[in-house]
Amino acid sequence: MDAPIKPFTRHISEKQMELLKATAARPDGAWLREALADPDLLFALRDGRVDVYFRGQVIYSIEFGTDKIATYTHVKYLVLDGPAPYIKMQDGTFAYKHAHLHDVYRDGVSLGQIKSAAKVYAGAESQGIYKAIKRDPSIIDVEIAFTRSNEIVEHSSQEKQRTQDRVDMVRLTPAGDGYDLVFWEAKDYSNKDVFNDKIFNQLTAYAKQLEMKATVLNEAYRNVCQFHLDLHRLRESLGFAGAAASQIEMLDNVARGRCPLRIVRKPSLFVFGFDNDQKNGRWKVRKQEIEAVIGGERLRAVGNPTDWLGSAGKGREEA
């Protein structure tokens with residue numbers, strides 16, 4: 001029997017945020033300080049948890065106890081590149097001569113090694129989304145999982161993903177006297193789903209989720225804005241670069257409810273990774289087919305995903 005569906009939530013308490021701050025201030029909190037200082041990493045708020053993403057991979061999952069936090073890293077990100085990558089087997093025993101897994105976090109070293117290990121698992125779509133996110137501070141969440149039958153966390157296995165609708169990213173977009181919250185599905189041109197009806201089925205499923213959850217999404221993403229505002233202040237207190245003034249104003253206004261936050265019920269589609277020949281060939285035809293179904297205003301198509309910034313959601317196309 002499936003577990004009861006857990007409501008969509010984005011929240012940590014003030015006490016939990018204080019635990020995060022206290023950890024960053026401790027001598028053994030170098031891992032968190034370095035993560036906060038790294039512009040390649042995205043901190044994503046969950047329900048009583050914080051996931052830290054690098055190129056689509058959760059390298060840290062931070063959970064909160066009564067008086068301390070517990071941080072988890074998948075073992076595949078802790079594998080070290082040793083001087084001898086092949087291990088000899090002697091009489092049924094692997095003869096290790098060097099350490100092949102991290103044991104103690106080393107300042108200035110370990111994070112770089114974890115990121116190097118994580119790169120191996122980042123596919124074309126993850127790489128493209130990462131390039132878009134890195135240049136766009138208005139993207140405030142990634143890997144948004146809407147469960148269908150039971151609670152699955154955002155970085156669950158592929159088998160469990162079948163029970164959920166998962167949107168790639170969500171963006172705050174200025175609109176009138178407030179902001180629109182726009183959900184984006186991202187596809188690399190090489191993904192076969194771009195060229196069949198699966199992409200339309202995905203967008204339809206997401207639209208149903210957004211319609212059903214509009215009220216809770218509004219509260220959840222005001223909490224997300226407060227979370228990012230708190231992270232900005234924490235970074236500044238540690239001497240790291242914070243967000244731009246315009247970003248702070250946006251986060252503060254949304255978090256405090258000073259302006260409307262509208263949930264856009266119909267998700268948009270971001271397609272990237274095609275060259276000029278593909279743009280003027282196969283993609284030209286498919287683009288027209290997609291626009292006929294979802295409209296040009298919901299399609300963003302660029303060859304280079306770094307060109308996302310500044311015109312997302314306007315239906316423009318670049319090579």
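Without hydrogens or angle criteria, S190 side chain to D188 main chain gives no donor-acceptor distance under 3.5 Å. No donor-acceptor pair closer than 3.5 Å links the side chain of D307 to the backbone N or O of V302. In this structure a side-chain-to-backbone donor-acceptor pair under 3.5 Å is missing from R265 to A207. Although no hydrogens or angles enter the test, the distance criterion places no donor-acceptor pair under 3.5 Å between the side chain of R298 and the main chain of L269. With hydrogens and angles ignored, the 3.5 Å screen pairs no side-chain donor or acceptor of Q209 with any backbone N or O of D165. One N or O on the side chain of Q16 and one on the backbone of S13 form a donor-acceptor pair closer than 3.5 Å. Side-chain atoms of R33 never come within 3.5 Å of backbone atoms of L238 as a donor-acceptor pair (strictly under, hydrogens ignored). Not a single donor-acceptor pair under 3.5 Å links the side chain of K115 to the backbone N or O of R55. Under a 3.5 Å cut-off, the side chain of E34 and the backbone N or O of L111 do not form any donor-acceptor pair.
Taking the six-membered ring where tryptophan is involved, the planes of F195 and Y189 are perpendicular, since the angle between them exceeds 60° and thus also 30°.
One finds the CG atom of L181 at 4.5 Å from the CZ atom of F183 (value rounded to the nearest 0.5 Å). A distance of 11.5 Å separates CZ of R222 from OH of Y179, quoted to the nearest 0.5 Å. Rounding to the nearest 0.5 angstrom, the gap separating the CG atom in L234 from the CG atom in L229 is 11.5 Å. Taking OG1 of T204 as the reference point, atom CG of D197 lies at 9.5 Å (rounded to 0.5 Å). Separating the CD atom in E211 from the CG atom in L217 is a distance of 11.0 Å, to the nearest 0.5 Å. Rounding to the nearest 0.5 Å places CG of N201 at 9.0 Å from NZ of K198.
Taking the ring pair (Phe, Tyr, Trp, His ring centres under 6.0 Å) definition, one finds that Y60 meets it with W31, sequence neighbours left out. Taking D180 as the reference, R262 meet the salt bridge (Lys or Arg N to Asp or Glu O under 4.0 Å) condition, with sequence neighbours excluded.
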Under the criterion side-chain contact (heavy atoms from CB on, under 4.5 Å), I'd like the reasoning laid out for C225 against L261: C-alpha separation, chi angles, the key distance, then a yes or no. CA-CA 11 Å; C225 288; L261 178 62; over 6 Å; no

Check the pair Q57, K76 against side chain to side chain donor-acceptor pair (under 3.5 Å), reporting the backbone distance first and the verdict last. CA-CA 11 Å; Q57 313 304 306; K76 64 187 178 184; 4.7 Å; no

Between I263 and T215, does a side-chain contact (heavy atoms from CB on, under 4.5 Å) hold up when you go through it step by step? CA-CA 8 Å; I263 310 302; T215 301; over 6 Å; no

Under the side-chain contact (heavy atoms from CB on, under 4.5 Å) criterion, do L41 and I59 qualify, and how do the steps go? CA-CA 9 Å; L41 305 187; I59 62 170; 3.9 Å; yes

Take E143 and Y53 through the test side chain to side chain donor-acceptor pair (under 3.5 Å) and record every step on the way to the result. CA-CA 10 Å; E143 295 285 316; Y53 283 85; 5.1 Å; no

Decide side-chain contact (heavy atoms from CB on, under 4.5 Å) for I199 and K187; before the verdict, give the C-alpha distance in whole Å, the side-chain angles of both, and the deciding distance to 0.1 Å. CA-CA 9 Å; I199 186 59; K187 296 291 185 188; 3.7 Å; yes

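Counting only heavy atoms from C-beta outward, the side chains of D141 and R46 approach each other to under 4.5 Å. F54 places a side-chain heavy atom less than 4.5 Å from the side chain of K119. In this structure the side chain of H74 never reaches within 4.5 angstrom of the side chain of V58, judged on heavy atoms. At a threshold of 4.5 Å between non-hydrogen side-chain atoms, the residues L42 and M169 do not count as touching. Between I140 and L45 the shortest side-chain heavy-atom distance does not fall below 4.5 Å. Put simply, the side chain of W308 does not reach to within 4.5 Å of the side chain of I133, judged on heavy atoms. When side chains are defined from C-beta on, M250 counts as touching S138, because their heavy atoms get closer than 4.5 Å. Taking the side chain as every heavy atom from C-beta outward, D168 and W184 never approach each other to under 4.5 Å.
Using modelled atom types and a 3.5 Å distance limit, the side chains of N223 and E219 yield no donor-acceptor pair. When only modelled atom types and interatomic distance are considered, N191 and E125 share a side-chain donor-acceptor pair under 3.5 Å. For the residue pair Y105/D28, the side-chain donor-acceptor check at 3.5 Å is not satisfied.
Closest non-hydrogen pair, R171 versus D136, comes out as NE-OD2, 2.5 Å. Residues F8 and V216 share a closest heavy-atom pair of O-CB, 4.1 Å. A pairwise comparison of heavy atoms in Q247 and A243 identifies CG-CB, 3.8 Å as the closest pair. Scanning both residues, G178 and C259, for their nearest heavy atoms gives CA-CB, 4.1 Å. L299 and K287 make their closest contact through CD2-CG, 3.8 Å (heavy atoms, listed as atom of the first residue, atom of the second, distance). Closest of all the heavy-atom pairs between S61 and D51 is OG-OD1, 2.8 Å.
Hydrophobic clustering (ILVMFWY, side-chain heavy atoms < 4.5 Å, transitive): V120 and L78 are in one cluster. When the side chains of ILVMFWY residues are joined at heavy-atom separations under 4.5 Å, either directly or via intervening members, I114 and V109 end up in two distinct hydrophobic clusters. No chain of hydrophobic side-chain contacts below 4.5 Å, direct or via other Ile, Leu, Val, Met, Phe, Trp or Tyr residues, connects Y72 to F64. Both Y77 and V75 belong to a common hydrophobic cluster when Ile, Leu, Val, Met, Phe, Trp and Tyr are linked at side-chain heavy-atom distances under 4.5 angstrom.
Comment: E236 does not engage R233 in a salt bridge, judged by the lack of any side-chain N to carboxylate O separation of less than 4.0 angstrom.
Residues in residues 249-259 take part in these side chain to side chain donor-acceptor pair (under 3.5 Å) pairs, two or more places apart or across chains: D252-R256, D252-R258, N253-R258.
R235 forms a cation-pi arrangement with F43, by the criterion of a distance under 6.0 Å to the ring centre and an angle within 45° of the ring axis.
Taking a 6.0 Å sphere around CD of E289, one finds it holds more than 12 heavy atoms contributed by other residues, nucleotides or ligands. The local environment of NZ in K21 is crowded, with over 12 non-hydrogen atoms from other residues, nucleotides or ligands closer than 6.0 Å.
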